[in-house]
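Each residue takes its place number in the sequence, starting with 1.
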Amino acid sequence: MRWPRVRDHTTIGASTGYMSDARGNWPVLARRAASESIVAVEFSALSEPELPGLIEWLEQRPSLPFQWTGAHGPTKGRQMGERDVVDALLVLAPHVDVVVLHPDTMQDLSLYRELGSALAIENMDARKPV
């Protein structure tokens, strides 16, 4: 795959969360993120049904141009039990530098300890009710 040329070298990184028209199409999302910056990317599996596809794609070991790769775990559309979510994140973690979660999506904090230093807890904002 040929990566697009970066337009602005001052850009730090890109999150795929805003690219809603390509949600779940990880190769397209990676290409778009790389057009913004090859320094860092956060693959956003914000909806739980996106998580298995992200894991499957990353397990295929795609060649990525990024110096740093993160993945945002699900914040909506949650159907899986918390143990199952953590198990999925444990499969995801070796393929990225960090797994990002919102603290309001975590109930049994002891489960998340298994992620160790791969886990990053993102700050909350005024849009959240808690």
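With sequence neighbours excluded, the residues satisfying side chain to side chain contact (heavy atoms under 4.5 Å, CB included) with A88 are L51, I55, M80. Under the side chain to side chain contact (heavy atoms under 4.5 Å, CB included) criterion, P103 pairs with I121, M124, not counting sequence neighbours. S110 is linked by a side chain to side chain contact (heavy atoms under 4.5 Å, CB included) to D108, R113, counting only residues two or more places apart in sequence or in another chain. When the side chain to side chain contact (heavy atoms under 4.5 Å, CB included) test is applied to L90, the partners found at least two apart in sequence or on another chain are R83, V86, D87, E114, L115.
Residue V100 is not grouped with residue V91 when hydrophobic side chains (ILVMFWY) are merged at heavy-atom distances under 4.5 angstrom, including chains of intermediate members. Connection of V98 to I38 is not established within any shared hydrophobic cluster, with ILVMFWY side chains joined at heavy-atom distances below 4.5 Å, either directly or through further cluster members.
The shortest distance between side-chain heavy atoms of P52 and L54 does not fall below 4.5 Å. The closest side-chain heavy-atom distance from R32 to T16 is not below 4.5 Å. At least one side-chain heavy atom of L89 sits less than 4.5 Å from a side-chain heavy atom of L101. Side-chain contact between L92 and V99: present, with at least one pair of heavy atoms (C-beta onward) separated by less than 4.5 Å.
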Without placing hydrogens or testing angles, list every side-chain donor-acceptor pair under 3.5 Å for residues 64-74, not counting sequence neighbours.
| from | atom 1 | to | atom 2 | distance (Å) |
| --- | --- | --- | --- | --- |
| H72 | NE2 | H102 | NE2 | 3.3 |
| H72 | NE2 | E122 | OE1 | 2.9 |

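A salt bridge between R78 and D84 is absent, with no side-chain N of the basic residue lying under 4.0 Å from a carboxylate O of the acidic one.
Across Q107 and Y112, no two heavy atoms sit closer than the pair N-CE1, 4.5 Å. What you find for P27 and W57 is that their closest heavy atoms are CG-NE1, 3.5 Å.
The closest donor-acceptor contact from the side chain of E36 to the backbone of A14 lies at 3.5 Å or more, if one exists at all. With S44 contributing its side chain and L46 its backbone, the two residues share no donor-acceptor pair below 3.5 Å.
The salt bridge (charged side-chain N to carboxylate O under 4.0 Å, His left out) pairs that include a residue from residues 50-75 are R23-E50, where partners are two or more places apart or lie in different chains.
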